[in-house]
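Given the structure is predicted, the values throughout are model-derived calculations rather than measurements.
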Amino acid sequence: MPNFSDQKLKCRDCGAEFVWTAGEQDFYQKKGFDNPPSRCPACRQAKKQQRFGEKRMYQAVCAQCGKPAQVPFKPTEGRPVYCGDCFRQMKKK
């Protein structure tokens, strides 16, 4: 296994300096990527959103507490929808 070390790179979009960590380099190698990233994480995220657009959010009412909620899927009639707080509480159980 190659011995990677953190590298400082410069973003081609905003010019900011960012660190390409050894762990990221290992990930890139395992995925078969030959070149280091040319954009900082913030510019990569912005580019991704530009390319794929924002996720559409749908309005719903929480089936447990009755509060308004926004969810990233279209609610289906007859199936309960939960707000983030209630969903997290249910997941813990």
Side-chain angles (χ1 to χ4, degrees):
M1 183 176 127
N3 190 10
F4 297 110
S5 60
D6 291 358
Q7 294 179 23
K8 288 185 180 180
L9 302 175
K10 190 171 185 172
C11 179
R12 77 177 194 192
D13 288 353
C14 70
E17 195 171 82
F18 66 98
V19 176
W20 189 32
T21 66
E24 290 171 326
Q25 292 172 49
D26 184 48
F27 174 80
Y28 269 55
Q29 184 193 38
K30 287 178 181 174
K31 292 291 183 180
F33 302 140
D34 295 327
N35 301 314
S38 59
R39 293 181 176 92
C40 68
C43 287
R44 274 185 274 177
Q45 183 64 32
K47 185 76 170 169
K48 201 180 285 186
Q49 283 182 340
Q50 179 185 13
R51 192 173 25 210
F52 297 112
E54 294 285 328
K55 250 189 190 177
R56 180 165 181 205
M57 298 298 281
Y58 296 88
Q59 299 297 321
V61 176
C62 178
Q64 188 162 331
C65 70
K67 291 181 187 174
Q70 285 192 339
V71 293
F73 56 88
K74 187 173 183 177
T76 305
E77 191 161 334
R79 304 220 32 206
V81 174
Y82 302 100
C83 67
D85 293 334
C86 292
F87 183 76
R88 282 188 287 282
Q89 287 176 356
M90 290 176 62
K91 234 178 148 180
K92 288 180 182 177
K93 293 178 184 179

Check side chain to side chain contact (heavy atoms under 4.5 Å, CB included) between Gln45 and all other residues, then give those that pass, not counting sequence neighbours.
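So Gln45 forms a side chain to side chain contact (heavy atoms under 4.5 Å, CB included) with Gln49.
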
Residue list, side chain to side chain contact (heavy atoms under 4.5 Å, CB included) with Ala42, at least two apart or on another chain:
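If we apply the side chain to side chain contact (heavy atoms under 4.5 Å, CB included) test to Ala42, skipping adjacent residues, the hits are Cys40.
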
Assess whether atom CZ of Arg51 is packed by more than 12 heavy atoms of other residues, nucleotides or ligands within 6.0 Å.
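Counting other residues, nucleotides and ligands, CZ of Arg51 exceeds 12 neighbours.
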
Should the heavy atoms of other residues, nucleotides or ligands under 6.0 Å from CZ of Phe73 be counted, would the total exceed 12?
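Buried by this count: over 12 neighbours within 6.0 Å.
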
Can you give me the closest heavy-atom contact between [X] and [Y], atom names plus distance?
X	Y	answer
Val61	Gly66	CG1-O, 3.5 Å
Gln59	Pro75	O-CG, 4.1 Å
Pro37	Leu9	O-CD1, 3.7 Å

According to the salt bridge (Lys or Arg N to Asp or Glu O under 4.0 Å) rule, which pairs have a member within residues 61-86, sequence neighbours left out?
Asp85-Arg88

Between Phe33, Phe4, Tyr28, which is the residue that forms a ring-ring contact (aromatic ring centres under 6.0 Å, His included) with Trp20?
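Between Trp20 and the candidates, ring-ring contact (aromatic ring centres under 6.0 Å, His included) is satisfied uniquely by Tyr28.
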
Are Phe18 and Phe27 connected, step by step, through hydrophobic side chains (Ile, Leu, Val, Met, Phe, Trp, Tyr) whose heavy atoms are closer than 4.5 Å?
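Shared cluster, yes.
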
Would Met57 and Val71 show up in the same hydrophobic cluster when neighbours are defined by side-chain heavy atoms closer than 4.5 Å?
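As far as the 4.5 Å side-chain criterion goes, Val71 and Met57 are not connected within one cluster.
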
Once rounded to the nearest 0.5 Å, what's the spacing between atom CD of Glu24 and atom CG of Asp6?
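One finds 8.5 Å between CD of Glu24 and CG of Asp6.
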
Let me confirm one number: the SG-CD distance from Cys83 to Gln89, rounded to the nearest 0.5 Å.
8.0 Å

Has Arg39 got a side-chain atom pairing as donor or acceptor with Arg44's backbone, closer than 3.5 angstrom?
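A pair under 3.5 Å: no.
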
